[in-house]
Amino acid sequence: MERFRVEGGHRLAGEVRVHCAKNAVLPILAGAILADDPTTLLDCPDIADVNNMVRILQTLGCKVSAQGAALRVDASSIQSDTMPEGLSKRLRSSVFMMGALLGRLRRAVVPYPGGCEIGQRPIDLHLAGLTALGVDIREEGGLVVCDGARMRGGEVHLDYPSVGATENVMMAAARIPGRTVIYNAAREPEIADLQRFLNACGARIAGAGSATIEIEGVRRMHGATYRPMPDRIEAGTLLAAAAATGGEVELTDAPVEELGAVIAKLREMGCRIETGAGRVTFVAPQRLDSPGQVITLPYPGFPTDMQAQMLALTCCARGTSIITETVFENRFTHVGDLRRMGANIVVKDRTAIVRGVRSLHGARVYARDLRGGAALLIAGLAARGETVVEGAEIVDRGYERLEQMLSGLGAQIRRERQTDE
Ligand code: UD1
């Protein structure tokens with residue numbers, strides 16, 4: 001077990017390059033099994049979730065090799081349609097394998113998925129979407145057994161624009177006979193990125209990024225070399241870290257357009273932000289203003305994956321901030337730790353009311369989920385004194401050595417082994 005030790009009060013400054021997006025790479029790795037020839041993904045982030053996904057692919061019989069940051073996936077040797085239980089439970093995104101396995105092998109056996117404990121995260125929408133494509137689904141001893149022998153294109157109406165369900169249906173439909181239309185699809189940019197990748201492999205998909213996606217099934221898909229889009233959540237986290245310290249940073253390789261909702265809120269908080277092609281130039285004020293109200297929503301609304309980091313920022317902002325989480329029902333687990341650092345936060349149902357204090361103080365706190373862990377680091381950068389964030393592994397699930405990115409900008413942060421005290 002590892003932890004981060006942060007000495008607060010150091011202003012962040014400098015330039016930092018944004019990695020490729022975890023939430024783009026994970027479904028694309030699943031989609032790679034649809035191709036008959038090898039695919040190469042460039043610049044894959046070295047994070048635990050990606051490494052676990054690679055191990056899942058290998059368990060199924062795919063050959064995966066790394067050359068620097070590029071991953072080459074050869075699915076021609078895929079043998080198994082049954083997902084390994086232990087690994088699948090560690091990774092919520094293993095659920096994407098359901099659509100990809102069905103597309104490739106017409107059969108998938110998956111355990112109920114794991115991932116961050118941020119709400120119930122059921123998979124009913126995934127199952128309803130696949131059923132609409134003619135998949136026969138049974139539950140047997142905690143496993144979901146999907147039989148796609150009679151799969152064909154169809155109309156899928158999602159009750160809610162679930163990111164994972166949209167991606168799963170896209171992958172299941174890519175190689176089956178007929179035309180599929182997904183209505184009320186999620187519009188997250190990572191879905192458009194998956195479309196670009198699958199089309200580069202010969203799929204015929206249009207409309208991703210809008211609420212209606214059309215998929216014309218193809219007989220076979222070939223390999224491709226592809227660079228996934230940059231990570232808008234990592235980019236937003238770095239801006240929030242700079243904002244917490246009154247800093248001044250420049251992001252390169254940044255997903256500028258996709259950061260729109262986050263940039264708009266940071267501007268309301270008094271930050272000066274200029275954007276160019278793949279560049280964000282950011283200057284924070286001495287003290288942030290409250291953003292008023294922040295409501296998480298499906299894209300293009302404010303992302304739930306930035307809620308915790310934004311909440312950490314509002315702790316010291318001038319005035320009262322109201323933060324409402326509408327996407328996941330249990331995503332305020334970082335609040336107790338922020339309070340230990342001196343924050344004034346009241347949570348009522350899905351809304352947190354934050355009264356800005358002049359400063360936070362260091363404390364020993366616990367990363368309980370990925371983005372909550374990042375939020376505690378941000379709070380630690382702003383706080384007086386030393387903060388210890390236990391559970392570095394949880395942050396490593398989605399950020400590639402975040403402490404190195406931050407220390408490159410002047411943060412005083414180090415990783416250390418957790419010893420029993
Ligand atoms: C993806 C992202 C995650 C992000 C989330 C919302 C990846 C790997 N993960 O997760 O980082 O926080 O989108 O932007 O891309 N739901 C159901 N039934 C279902 C599916 C979802 O009720 O079958 C609910 C979930 O419990 C949640 C909401 O729908 O409350 C949104 O979930 P969804 O959009 O599916 O998120 P994920 O794909 O799991």
Side-chain angles (χ1 to χ4, degrees), residues 20-31 44-45 47-50 52-53 56 88 90-100 110 112-132 137 144 146 156-172 182 184-194 197 208 211 228-229 231-234 236-237 258 261-262 295-310 324-333 350 369-375 394-395 397-399:
C20 286
K22 162 178 101 68
N23 287 354
V25 172
L26 292 171
I28 287 175
L29 276 172
C44 284
I47 54 177
D49 275 10
V50 166
N52 281 329
M53 193 65 160
I56 288 175
S88 306
R90 235 184 273 169
L91 179 66
R92 162 85 187 171
S93 319
S94 58
V95 76
F96 305 128
M97 291 301 297
M98 199 159 45
V110 292
Y112 273 103
C116 280
E117 296 299 325
I118 50 169
Q120 289 188 14
R121 293 196 148 195
I123 56 169
D124 54 319
L125 300 168
H126 301 248
L127 301 185
L130 296 174
T131 305
I137 297 171
V144 187
C146 306
V156 175
H157 294 265
L158 292 176
D159 287 343
Y160 180 88
S162 152
V163 175
T166 303
E167 292 171 334
N168 238 332
V169 173
M170 274 168 75
M171 289 189 270
I182 310 175
N184 198 26
R187 291 178 286 165
E188 268 66 6
E190 291 77 14
I191 298 171
D193 206 47
L194 177 63
F197 167 72
M229 64 174 285
D231 197 319
R232 61 196 168 100
I233 306 302
E234 183 186 86
T237 303
E258 295 81 0
V262 173
I295 304 178
T296 67
L297 285 170
Y299 190 84
F302 189 88
T304 174
D305 286 351
M306 277 300 298
Q307 176 261 104
Q309 302 89 315
M310 178 56 84
T324 304
E325 172 60 60
T326 76
V327 179
F328 288 105
E329 70 269 25
N330 180 24
R331 215 174 185 180
F332 284 130
T333 52
R350 289 181 171 211
D369 69 43
L370 167 59
R371 308 304 174 184
I394 293 181
V395 176
R397 281 200 31 225
Y399 294 96

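For ligands, and for the atoms within them, numbers begin at 1 and follow the listed sequence. From a predicted model like this one, the values you see are computed outputs, not experimental measurements.
In R331, the part holding a heavy atom less than 4.0 Å from any atom of ligand 1 is the side chain. Contacts between Y299 and ligand 1, counted as non-hydrogen atom pairs separated by less than 4.0 Å, are absent for every part of the residue. Looking at S93 against ligand 1, only its side chain comes within 4.0 Å, counting heavy atoms. Contacts between T304 and ligand 1, counted as non-hydrogen atom pairs separated by less than 4.0 Å, involve the side chain only. When heavy-atom distances to ligand 1 are checked against a 4.0 Å cut-off, D305 comes that close only through its side chain, counted from C-beta outward. Neither the backbone nor the side chain of I233 has any atom closer than 4.0 Å to an atom of ligand 1 (non-hydrogen atoms only).
Contact detail for A100 and N168: the closest heavy-atom pair is N-OD1, 4.3 Å. L26 and M53 get closest at one heavy-atom pair: O-CE, 3.6 Å.
Under a 4.0 Å heavy-atom criterion, E190 is not in contact with ligand 1. Heavy-atom separations between A186 and ligand 1 are all 4.0 Å or longer.
With ligand atoms numbered from 1 in the order given, ligand 1 contributes 27 (C), 28 (C), 30 (O), 31 (C) to contacts under 4.0 Å with heavy atoms of V327.
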For E234 and K22, what are the C-alpha separation, side-chain angles and deciding distance, and is it a salt bridge (Lys or Arg N to Asp or Glu O under 4.0 Å)?
-> CA-CA 9 Å; E234 183 186 86; K22 162 178 101 68; over 6 Å; no

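Taking 4.5 Å as the limit, some side-chain heavy atom of I233 sits within range of a side-chain heavy atom of Q309.
A distance of 9.5 Å separates CG of L125 from OH of Y160, quoted to the nearest 0.5 Å.
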